[in-house]
Amino acid sequence: KKHIADVKDFSSEDPEVIEAFRIKYLGKKGLLNDFFKALKDVPKEEKRAFGQQVNELKIAASDKVQTLREGLQESRHRENLFGDLTRPGEPLELGARHPISIVRNRIIDIFSRIGFTVSEGPEIEDDWHNFTALNLPEYHPARDMQDTFFVQTDPDILLRTHTSSVQVRYMEEHKPPIRTISPGRVYRNEAISARSHCFFHQVEGLYIDKNVSFADLKQTLQYFTTALFGKSKIRLRPSYFPFTEPSAEVDVYWGLETETDYRMTKGTGWLEIMGCGMVDPNVLDNCGIDSSEYSGFAFGMGIDRIALLLYQISDIRLLSENDLRFLKQFKSVL
Ligand code: PHE
């Protein structure tokens, strides 16, 4: 019994000690063989009990040797994997997230908290999803609001000018209630300058259900601007979009505390950040949603300009030049 306890208590990570242990118990001249030999001299009535004990000792000893050997193998394996664990660490360069991604992720996060899903669609679009379904029939003058890149010479295939096209696709595939935002890259044939580029990024939002009102739109925008900018004073200016009626442009009151504020807001304190409106009933019907039953609102904003604002970046071109000196500055930001 004492031997069994000894065997169970034994432990070592030294291969030589483990081998000595094995020889002591399981070797040719080991204790176990002695016990087996002694068995024949044990009185008959004790034989059975003694035999059982010896067997138990044998099993305990061979189990122990096996587990200790496995342990050895594993630590050897670990050493091979990691090398010398006492070596000093090598500095690992951390990457940085792109400011567009940071802002897009924040916007997604803010809207997902009030139940909006994220939807995506193709950057190469057809006329229907980018224009016609959105109440912009051929020869509609408002098509000129967004100078379009066509793919080759086919006037039906183009680079999407806004992610409203994704909302058309979404409405064609889903029944209300709909709550979704569509982030993505869009293209417009505009002169490149510090303020605008021929491609940029948008997040557009769509909410459709029974009895959705302009008040719902306003409250949603209020929630959003407070969450993103920490500024809660907004105003809606009447505007025009072919796909919404009524339409408005949203300004955030940025204040006039610094010289930058002055410059950014042209001395008024107000900054335009997005377009919005109640989805035109024609658009709902075009996308297979009954406009006598449902109503909704939509909004759209440019991520790039918001990134310029939030990080006080002076030139939109910096966002696509991939200059490491610029990108590295966003290292600490998740
Ligand atoms: N699609 C518009 C644009 O790209 C933005 C917008 C979306 C306006 C939804 C109103 C409603 O400029």
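Index from 1, following the sequence. Counting starts at 1 for both ligands and their atoms, following the listed order.
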Go through the steps to decide whether His3 and Asp6 satisfy the test side-chain hydrogen bond (donor to acceptor under 3.5 Å, both in side chains), and finish with yes or no. CA-CA 5 Å; His3 283 302; Asp6 281 353; 4.7 Å; no
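Counting atoms of ligand 1 from 1 in the listed order, those under 4.0 Å from a heavy atom of Phe299 are 7 (C), 9 (C), 11 (C). The Ala298 neighbourhood of ligand 1 comprises atoms 9 (C), 11 (C), with distances under 4.0 Å to a heavy atom of that residue. Of all the atoms in ligand 1, the ones that sit under 4.0 Å from a non-hydrogen atom of Ser164 are 1 (N). Close approach of ligand 1 to Gly275 is summarised as follows: ligand atoms under 4.0 Å from at least one heavy atom of the residue are 8 (C), 10 (C). Within the listing of ligand 1, atoms 8 (C), 10 (C) sit less than 4.0 angstrom from a heavy atom of Phe241. Remark: ligand 1 atoms within the under-4.0 Å shell around heavy atoms of Gln202 are 3 (C), 4 (O).
A salt bridge links Glu19 and Arg69; the closest N-O separation between the charged side-chain nitrogens and carboxylate oxygens is under 4.0 Å. Checked for salt-bridge contact, Glu125 and Arg169 meet the test: a charged N lies under 4.0 Å from a carboxylate O.
Within the set Met278, Arg188, Met274, the minimum heavy-atom distance to atom 12 (O) of ligand 1 is found for Arg188.
Annotation: Tyr25 is not in aromatic contact with Phe10 [ring centroid separation under 6.0 Å not met].
With rounding to the nearest 0.5 Å, the separation of OH in Tyr294 from CG in Asp290 is 8.5 Å.
If you look at Ser247 next to ligand 1, there are no close heavy atoms at all, none under 4.0 Å.
The shortest heavy-atom distance from Phe297 to ligand 1 is not under 4.0 Å.
Heavy atoms only, all atoms of each residue included: Ser320 and His197 are closest at OG-NE2, 3.4 Å. Looking at every heavy atom in both residues, Arg160 comes nearest to Ser165 through CD-OG, 3.8 Å.
Backbone and side-chain nitrogen or oxygen atoms of His162 are examined, and one is located within less than 3.5 angstrom of a nitrogen or oxygen of ligand 1.
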